[in-house]
Amino acid sequence: MESAEISVSIDDDFPPVVDLDENGFPLSAPPSSEDDDDDEADTKTKSKLIDPCSSVGARSFASDFYRSGTDWSTLAKEKKEERSLVQRDLFQVWRIKKPEAEPKPRAPQRDLFEMWGIKKPKEEEPKPRVLSPPRKRHRAAAVGGASVDNDASRSGSHRPRACPFYKKIPGTPFTVDAFRYGSVDGCTSYFLSHFHYDHYGGLSKRWSHGPIYCTPITARLVKMCLGVNSLYICPLELGEENVIEGVKVTLLEANHCPGAALIHFRLKDGRCYLHTGDFRASKPMQSYPLLNQHINMLYLDTTYCNPKYRFPPKEDVVSFVVRITRNYLAKHPKTLIVVGAYSIGKEQVYLAISHALGLPIYTNASRRRILQSFCWPDLSGKLCSCGESSSLHVLPLSFLRLENLKEYVKNYKQHFTAVLAFRPTGWTYSETTGKELDLIKPSSKGNVTIYGVPYSEHSSFTELREFVKFLRPDKIVPTVNIGSAINRDNMQSYFHEWLKA
DNA sequence: GCGATCAGAT
DNA sequence: CACATCTGATCGC
């Protein structure tokens with residue numbers, strides 16, 4: 001492929017092959033308590049009033065910190081300046097004002113109702129939007145206004161953030177899921193693990209910083225939804241080895257959402273790195289040949305790397321959903337079944353209902369386009385474009401609220417008299433429902449019932465443990481929940497525990 | 001007016 | 001809790 005012609009230049013900013021400590025963090029990183037003691041400069045301006053805010057500030061500082069490049073000390077300084085200027089005038093005012101906040105007419109409702117063809121619920125008031133609270137956005141102005149008005153007011157405001165170290169693959173000119181940093185120094189090939197916003201963020205039709213490698217499904221979505229120039233899109237088939245800039249790269253099914261991939265890199269010197277993107281570890285992964293070889297560094301999706309996250313296998317949740325649906329329909333045949341979903345992911349939930357009960361799947365045109373782009377005949381064949389012809393609707397997760405659904409069925413009142421909805425999310429966890437699905441209590445009001453079900457497309461704690469113990473990598477770099485030192489330390493102790501002896 | 005970006009909400 | 005957006009405000013062009 002032509003893109004491989006792009007010249008290779010590894011910038012100093014890219015970590016050398018290993019400059020991480022035994023915990024997988026850069027050796028130049030500050031001590032792990034940085035998010036507790038980073039605000040000494042602010043203490044004099046701090047008042048009791050904003051105390052709750054300052055802890056928020058500290059947290060976001062830490063997460064920005066970890067999002068940033070490896071130049072720790074410079075960044076810490078910048079952040080400190082930003083924050084001390086923001087808090088006093090804006091946060092404080094906001095805090096004071098908050099109690100008397102208006103009744104909140106909830107603007108989103110309006111749009112969603114329009115979007116789904118529902119008459120708006122008669123709140124036609126002009127909305128007192130004039131009173132919008134001061135926004136932190138003023139930060140750019142505040143930074144300039146307070147001290148250095150001259151330069152910051154202009155160019156300083158839109159400097160893209162530095163690419164964090166854990167998105168850079170050492171010893172290669174590669175990054176993974178790093179599109180929101182503009183052109184990354186030393187990066188000549190950009191990998192996209194899957195098509196979720198927090199990973200592709202920054203991609204648009206204006207992208208011109210280098211080739212984007214991803215699975216064919218992700219490639220289609222990038223083209224179709226974001227309008228990225230095809231010249232830059234380089235689909236790689238799952239399970240096939242490709243040589244890119246001298247590095248052997250193989251994408252593997254990640255068990256996350258359609259098109260999601262684990263990315264395996266084999267460097268010229270034989271070193272192997274595995275980047276999981278987002279994934280749900282599963283038994284079948286243990287038979288991937290590449291995962292039966294030594295891994296020097298594992299970039300791990302640690303979304304639920306805490307024992308409090310316990311949820312059942314997807315199959316169990318799917319059967320539960322189907323069973324509930326069956327029972328409900330037996331009692332109330334004229335029920336509309338609704339499944340909530342983001343852009344992509346959770347397809348198995350409604351596919352299973354569709355299959356078990358022989359229902360076509362209705363969803364709006366834009367989602368149909370996306371689902372069709374998967375080229376799954378099984379799914380494409382079941383989609384229908386008319387809400388009346390199906391009692392199984394897929395709607396945006398954010399729409400699944402009692403009030404919304406109550407209004408929504410009214411559109412179909414000749415066909416349906418009740419709604420049974422499912423919100424599949426990973427964090428419907430709890431000591432009880434994590435183990436026993438039958439203990440899940442739906443929320444319901446009138447003819448609308450909503451079940452939150454623990455359908456996760458990320459690994460549970462135990463799945464992560466099993467995966468890591470199977471893989472036994474030399475080092476692990478967590479890629480999620482690294483904003484707080486406490487989380488980082490906790491995760492590292494788990495890794496240590498899993499990998500000992 | 002449009003696209004990008006950010007903070008805040010969910 | 002923290003997923004993956006969603007939304008409104010703001011800014012640059």
Side-chain angles (χ1 to χ4, degrees), chain A residues 53 56-57 59-60 63-64 67 82-83 86-87 90-91 94-95 98 101 104-112 114-115 127 129-142 144 152-161 177 179-182 193-207 225-227 256-257 260 277-278 280 301-311 340-346 367 395-401 403-404 423-431 434 452-461 480-484 486-487 490:
Chain A
C53 292
V56 169
R59 196 167 59 238
S60 76
S63 82
D64 277 349
R67 268 196 274 277
E82 274 180 17
R83 219 151 38 80
V86 167
Q87 288 184 338
L90 301 178
F91 264 99
W94 174 222
R95 272 279 146 169
K98 211 169 177 183
K104 260 202 167 180
R106 279 212 54 84
Q109 208 115 330
R110 255 247 276 281
D111 289 338
L112 285 168
E114 275 169 23
M115 177 177 172
K127 284 210 298 180
R129 44 157 52 183
V130 231
L131 301 179
S132 63
R135 322 215 60 231
K136 285 228 286 209
R137 149 106 8 212
H138 296 182
R139 169 168 24 87
S153 59
R154 230 193 66 256
S155 57
S157 52
H158 256 325
R159 185 184 60 251
R161 226 168 293 185
D177 299 338
F179 300 96
R180 50 180 17 148
Y181 315 100
S193 66
H194 65 289
F195 194 73
H196 274 159
Y197 180 77
D198 49 332
H199 294 257
Y200 68 65
L203 270 181
S204 73
K205 65 174 71 156
R206 301 247 278 275
W207 176 262
C225 302
L226 308 178
H256 179 64
C257 66
D278 280 356
R280 181 155 183 183
D301 166 18
T302 43
T303 300
Y304 295 128
C305 188
N306 183 315
K308 74 182 176 190
Y309 295 115
R310 289 140 44 97
F311 35 76
Y342 296 124
S343 59
I344 65 173
K346 325 286 185 188
R367 190 190 297 274
L395 300 179
L397 211 37
S398 57
F399 188 79
L400 294 219
R401 284 183 249 157
E403 311 299 321
N404 290 351
R423 308 178 117 262
T425 99
W427 49 276
T428 316
Y429 81 96
S430 104
E431 283 304 318
V453 292
Y455 184 90
S456 174
E457 290 178 330
H458 292 274
S459 316
S460 69
F461 182 77
V480 184
N481 290 331
I482 52 188
S484 98
I486 294 176
N487 279 337
N490 284 342

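Proteins come first, then strands; the chains are lettered A, B, ... in the order of their sequence lines, and each starts at number 1.
When heavy atoms are screened at a 4.0 angstrom cut-off, A:S456 is found touching no nucleic acid atom at all. The residue A:H199 sits apart from the nucleic acid: no heavy atom pair falls under 4.0 Å. The residue A:D301 sits apart from the nucleic acid: no heavy atom pair falls under 4.0 Å.
Looking only at distances, no side-chain donor or acceptor of A:H458 sits under 3.5 Å from a matching main-chain atom of A:T302.
Rounded to an integer number of Å, the gap from A:L400 CG to C:dA4 P is 16 Å. Remark: P of C:dA2 and CZ of A:F461 are 15 Å apart, rounded to the nearest angstrom. The CH2 atom of A:W207 sits 13 Å away from the P atom of B:dA4 (whole-angstrom rounding). Rounded to whole Å, atom C1' of C:dA4 lies 10 Å from atom OH of A:Y304. If you measure from atom CZ of A:F311 to atom C1' of C:dC1, you get 13 Å, rounded to the nearest angstrom. Between A:N404 atom CG and C:dT7 atom C1' the separation is 15 Å, expressed in whole Å. Straight-line distance from the CG atom of A:L395 to the P atom of B:dT10: 20 Å, rounded to whole Å. C:dC1 atom C1' lies 14 Å from atom NE2 of A:H458, rounded to whole Å.
A donor and an acceptor atom never sit less than 3.5 Å apart when one is taken from the side chain of A:Y197 and the other from the base of C:dC6.
Set against C:dA2, C:dT5, C:dC6, the side chain of A:H196 has C:dT5 as its closest nucleotide. With distances taken from any side-chain atom of A:R401 to the nucleotides C:dC6, C:dA4, B:dT10, the minimum falls on B:dT10. For A:D198, whose side chain is taken as the heavy atoms from C-beta onward, the closest listed nucleotide among C:dC6, C:dT5, B:dA4 is C:dT5. For A:S343, the side-chain atoms get nearest to C:dT5 when compared with the rest of C:dT5, C:dC3, B:dA4. Checked against C:dA2, C:dT5, B:dA4, the side chain of A:N487 finds its nearest nucleotide in C:dA2. Closest to the side chain of A:H256, from the set C:dA4, C:dC3, B:dT10, is C:dA4.
Summarising the geometry of A:L397 relative to A:R423, their closest heavy-atom pair is O-NH2, 3.2 Å, with the distance given to 0.1 Å. Nearest heavy-atom pair across A:K346 and A:T425 is NZ-CA, 4.3 Å.
Judged by closest nucleotide on DNA chain C, A:T303 is the one of A:T303 and A:A341 placed further toward the 5' end.
Note on ring orientation: taking the six-membered ring where Trp is involved, the planes of A:Y309 and A:Y304 are tilted (angle from 30° to 60°).
Residues A:H199 and A:D278 have side chains that bring a donor and an acceptor to within less than 3.5 angstrom of each other.
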